[in-house]
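Heads up: the structure comes next, in structure tokens.
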Number of protein chains: 2
Amino acid sequence: MINFASMNNTRFATVIHILTLLGKTPDQWLSSDWIAGSIHINPVIVRKELGFLQDQGWVISKKGKEGGSMLGVPTHEISLAAIYKAVKNTSVLGKKNQTPNPKCPIGKHINKKLDQLFVETDEMVSTALSHKTLKNFVEQF
Amino acid sequence: MINFASMNNTRFATVIHILTLLGKTPDQWLSSDWIAGSIHINPVIVRKELGFLQDQGWVISKKGKEGGSMLGVPTHEISLAAIYKAVKNTSVLGKKNQTPNPKCPIGKHINKKLDQLFVETDEMVSTALSHKTLKNFVEQF
DNA sequence: CCTTAATGTAACAAATTTTATTACAAATAA
DNA sequence: TTATTTGTAATAAAATTTGTTACATTAAGG
């Protein structure tokens, strides 16, 4: 599968939209064009995300006429934490400055301390999301 | 004060770095150039953030020779939640797609449901950060 | 086999966001 | 009155995100 250069700020929303559509119509092959029409984004973006979701083992796709995608695992086996983890690439609290001045006592240690705070915060979010599943989300519709 | 166009992904790190320096040397006027040297970013960025921190009521600056900035409130009165809130402009879980298809039953309601999830997640982060203060952070150095 | 419809993916283009820079007015200490 | 510092506008550059075009490959169904 192709790499996204980095975090795509709508990726969580896009991916959960795709998974919700697939979760609502189990055992049906949905086309990327149809999915793209529901999200109202470019079909190629959808196909990229579907490829990504295949890599995660969550989606199966079939090429050719009458092809499309469907879920490969039951919705209760996909936690929102897993989706978030798969899709996120920066901390909740953002990025750190890359080269603080090591000659400054604060600059020398700030990134170590920020890291602790960033990791702790990210883990809290993951823990909270681990109690929610795609099933819970899909049931709302 | 000037507007930043939108969320600056290193703003939390930058702002907490600035506040830590100010918190470590109370009652001293630190220049934006000196602060910029510690973070290793452009001094104009620092001055913009200092202006922003003045707007929050956290920092006092003095123009002219021998001028600079210092904290206007004690470090224990600034919570990390307040810093985060002041600086953040998107949800922890990212952005939503702007125009999902209202003709699709999922597309019609997805943003309402995503909003609930996004707000809930953001609030959890804020609650957790509200138990930490700038004092706690600065004490680590 | 041939046509049609779908995925997969490369390559590139456009848009948006973030970061840095230049320039200079205004303020103030000494 | 000189040197230094903040404040901020304007713009440029860099990085990231999103969209588009193009086409090879695959597979269903006549």
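Every chain is numbered from 1 and lettered A, B, ... according to where its sequence line falls, protein lines coming before strand lines. A quick note: this is a predicted structure, and the numbers were derived from the prediction, not measured.
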What nucleotide among [options] has an atom nearest to a side-chain atom of [X]?
X     : options               : result
A/S31 : C/dT17, C/dA6, D/dA9  : C/dA6
B/N42 : D/dT6, C/dA20, C/dT7  : C/dA20
A/Q54 : D/dG7, C/dA29, C/dG8  : C/dG8
B/S61 : D/dT6, C/dT21, C/dT9  : D/dT6
B/K65 : D/dG7, D/dT20, D/dT4  : D/dT4
B/R47 : D/dT8, C/dT28, C/dT17 : D/dT8

Base, sugar-phosphate or nothing for B/I41? Non-hydrogen atoms, less than 4.0 Å.
sugar-phosphate
Scan B/Q98 against the nucleic acid and name what it touches under 4.0 Å (heavy atoms): base, sugar-phosphate only, or nothing.
nothing
Of all heavy-atom pairs linking A/P100 and B/H40, the shortest is CA-CB, 4.3 Å
Earlier contact from the 5' end, DNA chain D, for A/H40 and A/E66:
A/H40
Restricting to ring pair (Phe, Tyr, Trp, His ring centres under 6.0 Å), what partner residues turn up for B/F118, sequence neighbours left out?
none
Numerically ordered, the residues 16-25 of chain A set in heavy-atom contact under 4.0 Å with DNA chain D is none
Under a 4.5 Å cut-off applied to non-hydrogen side-chain atoms, are B/L80 and B/Y84 in contact?
no
